[in-house]
Structures are given as C-alpha cells and as structure tokens.
Amino acid sequence: MTVCSACPGDPGDTSETGTGTDATTDPGPTTNAPTGAATDDPTASTTGDLPDPTTSSTVDPTDAPVTTTDSTTTDDTTTGGQATTIVVHLVPQPGVSGDQRINFAVPLAPGVLADDTRVQVRHAGTELATALRGLARHPDGSWRSMQIQLDLSLAGETDLEVSLDLAPTAGSLDPVPVADTLVDDATGPRVWALLPAEWLTASGFAGPLATAAAVAGTPAQAWTDACDHDQWGHDAFLGAMGSADVWLYDRGTIHYRGHARRGDLSTLRSAYLETTIYRDGLAGQGPNTTIGVPGKTGDAKYYYSQNLALHYLMTGDDRFRESAEDVAEAFADLWDPAYAGDDGFWTERHAGFGLLAHVWAMNVSDDRAQQFRDLADAAVTAYLDIQASYPPGYDDPDARCFAHTDGAADEDFGFWGCSPWLSAILADGLDQYATDSPGAQADAARAAIVKLGRVIARDGLDPDGKPFYWMGVGDGNGAVDDYDEHWGESAYVVAMAYHHDGAGDDALRQTAEDLVLGFRDNAEVPHMRSFNWQCRSAVATPWFLGQ
C-alpha cells in the first residue's frame, strides 16, 4: 500500500485511471496494525442536544426571503386548500438591466403540486404572464420541480411572489431555451433567482437537509463552519481544475446541497457554474459517454449524474437531463455492482456513485426511467447480497457493513473489512433509492443502512471514539486514521441508522452525537479534496438526528 498518497497539502490524486484500480487518494492511516475493538459506550455528550430542524423558527442568516401561505382558497388538496407563496429574490449579473427573459425552477416536495398549470407569479403586486412546465415526477405523481419563465424590466435586485396551486390569469408566454437566458456558460444566467433555504431543504430536492440557520448554536453548526463554500468554491476550483483530484466526490452536488442549506448566491453560483463545467467536458452519448476530468476517462469514480439532475431540477435545462442519462449509462458499462468475495475490484465509493447515478437518472428521465430503475434495482440487490454474505463466517444478522478484502480496494491492511467513510456514499445512494422506490426493496435498503450504522458504531471506532479509516468486522481489527478528516461520515451513517431504525435506540443516537462533537472539536479541512468528501454526504447528519 502507498500510505497517504495525497495527505493534507499533497499535490493530488495518484490513482490509476482504469476501472479495476482505485488507489486511495485521501489521507489515511500510517499503520495497518490492529488496534483493538472500538468502545461500545463512548463518553456521553454534555454540550447540549442537536435541534429539530423541522421545528426551528430561526431565520436563515443569508436573509433569504421566506414563504407565506396565501389566503386564496383552491380546489386542489395538495396544499391544504390554500396557495403556498414563495418569495424569490432576483439578482441581475453586473451590467444586466432593462427587459429580461428570466428563467428559474422551484423544487417541490412530494404531494405539493399535481397540476403544473396552476402557478401564478406577481411582481410588486402585479401578476405576470409566464411560461410554465413541470419537471419530472415524484413516485406519487406530483411534480418534483416547476420551471418558470417570465419577462421583466430590471433596474436592480427585486423580488417575485410565486404562488403554487393558484390559477394564472395574466396569460402565457412561449418558452425559450434556457441557454438563451444566460450571459454564457462561464458566467451563468443573466439574472440569478434565489429561493429561501427553508423552502429548498423542505423540498428534499437535494436530499434530507436542515438549513444552516436551524443548527446555528448547536454542535451541528460544525458543518456550517467547516464547509466553507466561499473558500473552496468556484473561483478556487478554476485555479485548481487542471488536477483531477479536485473533481472528486461530485462538486456540483456538494454546492447544490450547500445552497439548499444556505440559500445564498455564493453557493448557487458555484453549483451552477461547476456543474456546467462538468457537463461541457462530456463527449459522446449513452454508454460511449466520456468525461472531461483531466486524465480520468474511463475512471468510474469521476462519473456523476446527480449534479446534472439537480441542475435540471433547478433550471429546467433539458441538456442537463439528457447528460444525466448519458453518464448513468456510461457508469453501467464501467462498473459491475456484484462482488465475488475475492480481490476483484470493489469499493463502497464506486458502489455508491453507481447507485446514485442510476437513481438520479431515473428520477429526471423523460423517456428511459425504467432502464435506470432496472439498473438501480440490480445494484441494490447485489449490495444486499454482499452485506449478507461477507466476511466468510461472520454471522451477526444485525450489524453488517459491505465487507470485502483489503485487496479489493487496492489496499494491504491485512484483514477483511470496510471503509466507514466511503460507506457514507453508499448509504447516501441507498437512502435516495429507498425514498424513490416502493415496497419491500426500499424497506430492505433502509434496513441495510441500519445494519451498517450499527456495525460502525460497534466496530468502527478506536478506544477514544475516533472513527477508523478501515475497520475489521467483529474481529477487533482497525486501521487508525492519523488525520481528522473523517469524523463526519461516520456520524452521518450512524445518524441514518438511528433514524431508519425508528429513532428509539438511545445508544445509536449517543454514538452519533459523540461523533458530531468529535467533528466539531477536531475536524480539519486542509485542501479542496478534503472539503469535497466532508461536505458532500455528512452535512445531512443534523436532519437524521432531528426527526
């Protein structure tokens, strides 16, 4: 094993480009000697509880506008007989003024809007003519997002009122391609549209998230502090994008999730422009799609569909929907989700990104949803089999990771096990799959997350409660992480397990809260790649502990 091939301050990813190798490029242990089993009862927290983000009345620190409930009654029961009104803040690009075609989309939670003709937009009390289109559907048939276009003369920043489930009366416009509403790809839209963080998180469009305001003043504020989207945002990426490693972990998704938590222009700009850069680098179609990450054509861990799907749901730009489908098809050719119990290549990172690619392509596809549903179903079936089967001889039915040999991950720790921090990406995929799937398979995916969280809580921590970099399963083995860049991922998976187990296991909750405290007290984010992995999945931890 090449130990710590990309430690803090290291120049970057030294992994092979082929799909059969995945040399670890992230800070790791400097010894692979067993250290003993993790403690079952980490020291209890004495610094206060995490908040319930669903009940917090704290105003978002970005001063984003909030939603209101219009008193107008309607005949649609999806909003309780009332039109929900969202205040959308418009910010023109420098030098943009006068008559503009404005394009944006409003992500929607399941059940909020069934009829995409019932949206009304007002500016300064006057209703505007609009072009309206529903974008993709939730499993219940309601819309995932609403694309809105309108014409407005601008002299600076201003607000719109968007009322859902209220019939428009000001007439309609012919839609234009989203590309016609941009300054250019490198600059973004002529007019930015900011939605409230409270609305974005409640919609769930980027996954289960709490606003930054909801966790302010609690231990979970650590993600707001550590995940500095301004320091590690688009401008910093432009200066580093010639190195492949800074593309890891899907930066578009990272920033869109940050935007859902904050609702500010900085995160939206980074998400929008970096996802555009990613799409602009694509070539080919379907299974022949290749990516533009430097030197990484054919390296599956750089193939992302989620960012493209989220961009589509925030803009209605069909080019990104089609690209999400293309990348997901290419991933299917690059990655076999099955594992035979040997040193054949298999990692939780590839498993997670493969599942996320198929699920998000399925969610937004206009014509191939069943194709991606079949791929997602097959992947989950394979992952459940791996979890139930390995390591050989291990028979605990309730605490199981997705165990494989160290050789399967191109490591030489000397024992079977799993990566607690890379498992966060697979848990991310399983959770999104369960959200968008019916029946027993969804229940099995949630149960798999519970088993994963239980084994990490039991076997994945050193005697001081710090997460292992690589953990053995039921054998007392664990590789110590010499850095403090992986607290959050273990907190996230254990919190997910607590939530999906019914939020009744006090020991699981205590372990998750202690890991949150460890993240708050110890986390370090020394470089862009570290920001990427720490701020992608684990930012959802407060939501899972707050339900």
Side-chain angles (χ1 to χ4, degrees), residues 1 3-8 13 15 22-30 32 35 38 222-223 226-227 245 248-250 253-254 257 301 346-353 355-356 401-404 406 408-411 413 417-431 449 452-462 464-473 477-497 511-512 514-516 518-520 522-541 544:
M1 176 181 68
V3 177
C4 196
S5 60
C7 296
D13 183 355
S15 62
D22 185 41
T24 302
T25 65
D26 309 305
T30 57
N32 61 3
T35 64
W223 276 281
C227 295
D245 65 289
L248 285 166
Y249 306 104
D250 185 0
T253 292
I254 293 159
R257 299 192 86 181
K301 65 181 179 289
W346 198 93
T347 78
E348 297 94 337
R349 169 163 50 184
H350 288 70
F353 279 127
L355 181 55
L356 286 165
C401 64
F402 301 88
H404 47 97
D406 55 337
D410 282 341
E411 300 281 12
F413 294 111
C418 23
S419 166
W421 67 279
L422 288 179
S423 291
I425 301 171
L426 179 48
D428 211 354
L430 289 167
D431 184 66
I449 294 171
L452 174 64
R454 287 192 181 284
V455 78
I456 290 176
R458 188 193 72 193
D459 294 348
L461 313 177
D462 74 8
D464 295 323
K466 181 178 179 179
F468 284 134
Y469 188 86
W470 176 264
M471 56 171 270
V473 184
N477 287 326
V480 176
D481 187 354
D482 289 340
Y483 299 92
D484 285 301
E485 300 177 58
H486 295 300
W487 290 88
E489 297 86 79
S490 289
Y492 170 63
V493 177
V494 176
M496 294 175 83
T511 300
D514 290 338
L515 286 164
V516 172
F519 179 75
R520 182 197 67 181
N522 302 295
E524 53 190 18
V525 185
H527 49 72
M528 187 174 293
R529 191 181 60 262
S530 182
F531 164 82
N532 293 356
W533 75 66
Q534 294 194 72
C535 302
R536 183 209 146 70
S537 299
V539 292
T541 304
F544 284 103

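With a 4.5 Å cut-off on side-chain heavy atoms, Pro467 and Asp481 do not count as touching. Contact of the His527 side chain with the Glu485 side chain is registered, since non-hydrogen atoms from C-beta on lie closer than 4.5 Å. Contact of the Phe519 side chain with the Gln534 side chain is registered, since non-hydrogen atoms from C-beta on lie closer than 4.5 Å. The shortest distance between side-chain heavy atoms of Leu461 and Thr511 falls below 4.5 Å. In this structure, the side chains of Cys401 and Val473 come closer than 4.5 Å at one or more pairs of heavy atoms.
The CG atom of Leu356 sits 9.0 Å away from atom CG of Leu430, with the distance rounded to the nearest 0.5 Å. Going from atom CZ of Phe402 over to atom CG of Leu452 covers 5.5 Å, rounded to the nearest 0.5 Å. Taken from SG in Cys418 to CD1 in Ile456, the straight-line distance is 7.0 Å, to the nearest 0.5 Å.
Between Ser537 and Asp428 the shortest heavy-atom distance is OG-OD2, 2.8 Å. Minimum interatomic distance between Val493 and Ala424 (heavy atoms only, all atoms of both residues): CG2-CA, 3.7 Å. Looking at every heavy atom in both residues, Arg349 comes nearest to Leu248 through NH1-CD2, 4.0 Å. What you find for Gly453 and Ala497 is that their closest heavy atoms are CA-CB, 3.6 Å. Here the closest non-hydrogen pair linking Val525 and Ala226 is CG2-O, 3.7 Å.
Not a single side chain to side chain donor-acceptor pair (under 3.5 Å) links Arg257 to another residue, sequence neighbours left out. Remark: Asn532 pairs with Arg251 by the side chain to side chain donor-acceptor pair (under 3.5 Å) rule, at least two apart or across chains. With sequence neighbours left out, the side chain to side chain contact (heavy atoms under 4.5 Å, CB included) criterion links Ala495 to Ala512, Thr541, Phe544, Leu545. Applying the side chain to side chain donor-acceptor pair (under 3.5 Å) rule to Trp487 yields the partners Asp484; only residues at least two apart in sequence or on another chain are considered. Every side chain to side chain contact (heavy atoms under 4.5 Å, CB included) that Ala351 has, sequence neighbours left out, goes to Trp335, Trp346, Tyr383, Leu426.
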Chi angles and distances behind the side chain to side chain contact (heavy atoms under 4.5 Å, CB included) call for Thr253, Arg536: CA-CA 7 Å; Thr253 292; Arg536 183 209 146 70; 3.6 Å; yes
Verdict with reasoning, Val455 to Met471, per side chain to side chain contact (heavy atoms under 4.5 Å, CB included): CA-CA 10 Å; Val455 78; Met471 56 171 270; 4.0 Å; yes
Side chain to side chain contact (heavy atoms under 4.5 Å, CB included) assessment of Phe468 paired with Asn477: CA-CA 10 Å; Phe468 284 134; Asn477 287 326; over 6 Å; no
Side chain to side chain contact (heavy atoms under 4.5 Å, CB included) between Val516 and Trp223, worked out: CA-CA 9 Å; Val516 172; Trp223 276 281; 3.9 Å; yes
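Side-chain N or O atoms of Asp462 include one that pairs as donor or acceptor with a backbone N or O of Asp464 at under 3.5 Å. A donor-acceptor pair under 3.5 Å is formed between the side chain of Glu348 and the backbone N or O of Ser419.
Judged by distance alone, the side chains of Thr347 and His350 do bring a donor and an acceptor atom under 3.5 Å apart.
Using the six-membered ring where Trp is involved, Tyr249 and Trp533 have ring planes that are perpendicular, over 60° apart on the 30 and 60° scheme.
Between His486 and Trp470, a ring centre-to-centre spacing not shorter than 6.0 Å is recorded.
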